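For reference, the structure is listed below as structure tokens.
Both ligands and their constituent atoms are indexed starting at 1 by order of listing. Model, not experiment: these values are computed from the prediction.
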Amino acid sequence: MPTATPSSTPSAAPASEALFARARAVTPGGVNSPVRAFAAVGGSPRFITSAKGAWLTDADGNEMVDLICSWGPMLLGHAHPEVQAAVQAAVARGTSYGAPTVPEVELAEEIVARAPVEKVRFTSSGTEASMSAIRLARGFTGRDVVVKFAGCYHGHVDALLASAGSGLATFAVPGTPGVPASATELTLVLPYNDREAVTAVFAEHGDRIACLVTEASPGNMGVVPPEPGFNEFLSRTCAEHGALFVSDEVMTGFRASRQGYWGIDGAVEGWTPDLVVMGKVMGGGFPAAAFGGRADVMARLAPEGPVYQAGTLSGNPVATTAGLTTLRLATDEVYDHLTKAGEVVKAGVTDALDAAGVAHAVQSAGTMFSVFLTEGPVRDFAEASRTDAGAYAAFFHAMLDRGVYLPPSAYESWFLSAAHDDRAIQTILDALPDAARAAAAAQDPAAGTRA
Ligand SMILES: *Cc1c(COP(=O)(O)O)cnc(C)c1O
């Protein structure tokens, strides 16, 4: 990760800086999830004290248009009155019983009605959901090997924090200290959008592969959509070899479209994943995630079947109430609004970066989009890695100084909400020209173009 120079103007956030110093004294890096620390863009992270609609307020009283939306979940905007009322009513009834409740049944019904799953099991995080989906795939098939793509993130599951081995069909190596080689020696990591690589590993290891897991449309290396027919090809290849196709829709689910990315992909082409991993939007801003899929596969899960999986707070009544209320309010009008607002923001970004002479690629997957500061199209992790991180850091800080809170990393999706109204969008558009010029001034002449 490059360390970039933050803006040279005097700090506009002394209270956040003081809080960051306090936080660092008691928490590694001062944060509870690494990207929040601003390490990739430099400077001190803002401590958020409240949020409403499209706006965040930090500890210094700065108001910022939020383009992170909690990394996706806040589809309706912050502190939505109906979600808040439902949550407050749920809290008043007690917060956790360790016994079945009504809202978890209702949320499961809502998810089964929208997503390509027959049965669903709740967890508290996307990490747990993908870990459990992989255990279930292994338990169902009686096989051990898992195939994933470089640049796809499925939470911090040991077996999936893996980097490609030395050759295409060689097993992976740990992607971080703390993951033993034994945890990744059954993982194969391939370049995204590469059909030949998929065909080759299935030809060599097909009878050992329990599942292939992929983001339905990757959003964790920036938005890198599957090439037309790629997911259908993956689904078919898995089926031909008796492996399960696991589609990770934690980010795209109920966000890219009403039915997630599948709604603009499998639902149109006529295929369904065997298992789907979900999270973010379906938790409505609370810790709730899920995995689901074919009834015969899900039937292998305890207590119906032998594959163990559990959670003290799984299906928590407050979290599932927030998720249920959010999904019920996530109507076609919400997705139309996200599409239209996204078009305006994307056009503004393109115009500003064009005018400033900054190489860029704005890529979309349904209502999701991101901005790469490199020439496009970006089709895989190697191409995403060409983005000019220093120019992005300058762009990020110039936007922040003008009241727009972008993801503090060049490799992330930008998130809008139903609450991004004309005033919020205009604030973004007004900030873009100066930020594009800041990016131009910071450009690395070696980055941004193809090698
Ligand atoms: C965020 C994310 C996860 C992990 O979810 P957590 O709730 O952070 O554990 C998994 N997969 C994808 C695609 C994600 O975007």
Query raised in the report: Near S125, which atoms of ligand 1 are under 4.0 Å from a heavy atom of that residue?
Result: 7 (O), 9 (O)

Query raised in the report: Side-chain donor-acceptor pair under 3.5 Å between S235 and E232, yes or no?
Result: no

Report summary line: Scanning both residues in full, the closest heavy-atom pair of V349 with L432 reads N-CD1, 3.6 Å

**Report entry** Check: V250 N/O within less than 3.5 Å of ligand 1 N/O
**Finding:** no

Requested in this report: Any chance you could measure E110, atom CD, to T326, atom OG1, to the nearest 0.5 Å?
Outcome: 10.5 Å

Query raised in the report: Protein heavy atoms: any of them under 4.0 Å from atom 8 (O) of ligand 1?
Result: no

Report summary line: Numbered in order shown, the ligand 1 atoms found under 4.0 Å of a heavy atom of N220 are 12 (C), 13 (C), 14 (C), 15 (O)

Report task. Give the single entry among K280, E412, H154 that approaches atom 14 (C) of ligand 1 most closely by any heavy atom. Result -> K280

Query raised in the report: Within 45° of the ring axis of F20 and under 6.0 Å from its six-membered ring centre, is that where the NZ or CZ of R24 lies?
Result: yes

Report task. Enumerate the atoms of ligand 1 whose separation from the nearest heavy atom of D248 is less than 4.0 angstrom. Result -> 10 (C), 11 (N), 12 (C), 13 (C)

**Report entry** G126: numbered ligand 1 atoms lying under 4.0 Å from its heavy atoms
**Finding:** 4 (C), 5 (O), 6 (P), 7 (O), 9 (O)

Query raised in the report: Do P116 and P273 touch side chain to side chain, with heavy atoms closer than 4.5 Å?
Result: yes

Query raised in the report: Can you say whether the rings of F149 and F230 are parallel (under 30°), tilted (30 to 60°) or perpendicular (over 60°)?
Result: tilted

Query raised in the report: Among all protein non-hydrogen atoms, which one is nearest to atom 12 (C) of ligand 1, and what is the separation to 0.1 Å?
Result: Y153 O, 3.3 Å

Requested in this report: Using a strict cut-off of 4.0 Å, indicate which atoms of ligand 1 neighbour a heavy atom of G155.
Outcome: 3 (C), 4 (C), 10 (C)

Report task. Mind running side chain to side chain contact (heavy atoms under 4.5 Å, CB included) on V41 and S409 for me, showing each step along the way? Result -> CA-CA 6 Å; V41 291; S409 160; 5.9 Å; no

Requested in this report: Decide whether an N or O pair under 3.5 Å exists between E215 and ligand 1.
Outcome: no

